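Written below as structure tokens is the structure these notes are about.
Owing to the predicted nature of the structure, the values given are computational and were not obtained by experimental measurement. In the text below, chain A, chain B and the rest are named by the order of the sequence lines, each starting its count at 1. These numbers come from the heavy atoms of this one structure, side chains and all, not from hydrogens, waters or symmetry mates.
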Amino acid sequence: MLALVDGNNFYASCERVFQPELRGRPLVVLSNNDGCCIARSDEAKALGVKMAQPLHLVPPQVRRQLAIRSANFTLYGDMSGRIVAILRDAVPRVEVYSIDESFLDLTGVPDQEAFAHTLRQRIHRWTGIPNCIGIGPTKTLAKLANRLAKQGNGVFCLADEHISNPALAGTPVGDVWGVGPHYAERLAGHGITTAAQLRDASIQDILAGFGATLARTVRELRGQSCLALEDIEPDRQQIRVSRTFGDPVEDRLAMGQALATFLVRAAEKLRSRGLVAAALGVFASTDRFKSNTPQHHPNRVVALPRPTADTRLLLAQLRQILSGRFLRAGVHYRKAGVWLTDLARPQHVHGDLYSPATVGNERLMSTLDAINRRFGRGRAGFGASGWKGAPVWKMRQEMLSRRYTTCIDELPVVRC
DNA sequence: TCTGGGGTCCTAGGACCC
DNA sequence: TCTGGGGTCCTAGGACCC
């Protein structure tokens, strides 16, 4: 049996831990650049705020009632780590599925429901994050059980004998993990609108009409495990860093500095995972919502001469891309990003007979990383990123809370 | 005025091989 | 009039996830 532990309204709950005045109030957390609502407290959901709804499309009378925060991923990432530490202490095998969800292998746990109740309370007490736990024989059923737990008392078990129970008949098919809006609509055309109907559909029909992924979901709903617990995280295939700018950027120099900043960050992520990249991609785009202005969406991928994790070599490639006709003069770009692909462990890279398989100065990079780890991200950097004050391309974050758990100057103060 | 960021997997079709 | 069969690899696009 597997358990899925999920933080309730996770980002909103993280904000509430350190800002008690937000408790009981309708609260939304916005995406980067203060664009969309990506987390909502129960009270905000009750007011009708939708997931990923742009804030400016929330009706003014609703918006007036909302407490609003900019996304504070530094805080959420740290809170997530605390929860994972509790989980790893409780069971040997944990798969961290996302920032607020983990799968647990409950093999060997005698009374699983009692265990889940205890664990749930411990997480709440030790971190302040309310959470729910779903238990089921497959990941898909554990996900579904988690959803049912949220409607009930925080823990729900979909044991084998219950897989045919009314819970699945009462669950819209679109709420099943792996069924998105597009599939849900097409399934409805086949008369399948509930989880129970999907479970009972013909595997052949689903395979032919929707492909292997959804057929696997059907099997999982029947209690046949098709998705293993991945407690050893597989290596990334791609690392991407991109941002929407607070204001459109026309200036080539500013665009170059923005892209260099993203690339520096991507290379840090690459090294932190012990990988090298063999290809670099760069893109930029104009505001797709402004159809009356000139649109341009340049996108280029280059193979690197040799795989590397050296920021300087990557920046040299970026410079080369930008020296061509990548950007157009006079165009206002709204978003840009870089991605590193064809990732590999350096010891697995094939070289040729006469030259090293990978290139780059590892000692220099690890020294740089050590400095930034110790003194804060960006303390030592590269001229290409720009250095004179706040960049013109910075994102909008007008309601950002403090880094309560990761910055010594921003710790919460308790008075009594 | 204002619309996120970062991932994965699968499939169909084209190019190419013998 | 007549034009095979079987395979791999790559890529773009679509679907999904949080």
Side-chain angles (χ1 to χ4, degrees), chain A residues 4-11 28-40 49-60 63 68-73 76-77 80 95-103 139-140 143 146-147 173-187 206-217 220 226-227 230 233-248 262 265-266 269-270 273 279 281 283 285-291 293 299 301 303 332 334-343 395-399:
Chain A
L4 178 67
V5 181
D6 180 322
N8 299 351
N9 314 327
F10 184 64
Y11 300 161
V28 300
V29 175
L30 302 178
S31 59
N32 273 339
N33 220 36
D34 291 346
C36 302
C37 305
I38 55 168
R40 306 154 295 154
V49 180
K50 301 290 177 225
M51 182 61 184
Q53 186 174 20
L55 181 64
H56 75 274
L57 296 181
V58 174
R63 190 169 160 176
I68 302 172
R69 291 292 178 273
S70 303
N72 186 344
F73 291 110
Y76 313 148
S80 173
E95 173 185 340
V96 179
Y97 176 69
S98 74
I99 195 166
D100 71 327
E101 287 174 66
S102 292
F103 288 103
K139 282 184 167 178
T140 304
K143 285 281 280 189
N146 189 283
R147 187 180 163 279
V173 74
D175 287 350
V176 174
W177 191 40
V179 181
H182 196 251
Y183 281 174
E185 194 187 327
R186 284 179 54 208
L187 285 167
I206 297 293
L207 192 58
F210 297 85
T213 314
L214 195 63
R216 198 165 56 198
T217 297
E220 284 249 318
C226 304
L227 300 167
E230 294 179 2
E233 191 186 355
D235 280 338
R236 281 284 166 80
Q237 300 175 18
Q238 182 180 100
I239 289 172
R240 172 182 284 254
V241 176
S242 73
R243 290 289 178 276
T244 299
F245 306 136
D247 295 302
F262 304 155
R265 181 72 195 120
K269 291 182 176 185
L270 185 69
R273 292 173 177 276
F283 76 91
S285 61
T286 43
D287 192 335
R288 64 196 162 104
F289 296 101
K290 282 191 177 157
S291 48
T293 61
N299 189 329
V301 191
H332 291 83
R334 191 70 210 291
K335 181 176 178 171
V338 302
W339 73 98
L340 299 169
T341 56
D342 294 2
L343 308 186
M395 61 184 180
R396 203 172 293 126
Q397 285 184 307
E398 289 171 356
M399 292 144 288

Subject >> Residue-phosphate contact under 4.0 Å: A:K143 side-chain N/O, C:dC18 OP1/OP2 >> reply: yes

**OP:** Produce a footprint string for nucleotides 3-12 of chain B: one letter per nucleotide, 5' end first; B if the base is under 4.0 Å from any protein heavy atom, S if only the sugar-phosphate is, - if neither.
**Re:** BBSSSSSSS-

Subject >> Side-chain heavy atoms of A:N32 within contact of A:R243, under 4.5 Å >> reply: yes

For atom [atom1] of [X] and atom [atom2] of [N], their distance in whole Å:
X      : N      : atom1 : atom2 : answer
A:L4   : C:dC17 : CG    : P     : 14 Å
A:D175 : C:dC17 : CG    : C1'   : 14 Å
A:N146 : C:dC17 : CG    : P     : 15 Å
A:E185 : C:dG14 : CD    : P     : 16 Å

With a non-hydrogen cut-off below 4.0 angstrom, is [X] in contact with a base, only sugar-phosphate, or nothing?
X      : result
A:E101 : sugar-phosphate
A:V176 : sugar-phosphate
A:W339 : nothing
A:F10  : nothing

Holding to side-chain contact (heavy atoms from CB on, under 4.5 Å), I want the full list of residues that pass it with [X], two or more places apart in sequence or in another chain.
X      : answer
A:R216 : A:T213, A:C226, A:L227
A:P60  : A:R64
A:K290 : A:D287, A:N292, A:T293

Subject >> With sequence neighbours excluded, residues passing ring pair (Phe, Tyr, Trp, His ring centres under 6.0 Å) with A:F283 >> reply: none

Original post:
In chain order, what residues pass the ring pair (Phe, Tyr, Trp, His ring centres under 6.0 Å) check against A:W177, with sequence neighbours excluded?
Top reply: A:Y97, A:F103

Subject >> Pairing stems for DNA chain B [at least three consecutive pairs; Watson-Crick or G-U; under 3.5 angstrom] >> reply: B:5-18 with C:5-18

Original post:
Can you name the residues that form a side chain to side chain donor-acceptor pair (under 3.5 Å) with A:N33, not counting sequence neighbours?
Top reply: none

Original post:
Mind checking what makes side chain to side chain donor-acceptor pair (under 3.5 Å) contact with A:D342, not counting sequence neighbours?
Top reply: none

Original post:
Counting side-chain heavy atoms from C-beta on, which of B:dC2, C:dC17, C:dC16 comes nearest to A:Y183?
Top reply: C:dC16

**OP:** Examine the side chains of A:S70 and A:Q397 and answer whether a donor and an acceptor come within less than 3.5 Å of each other.
**Re:** no

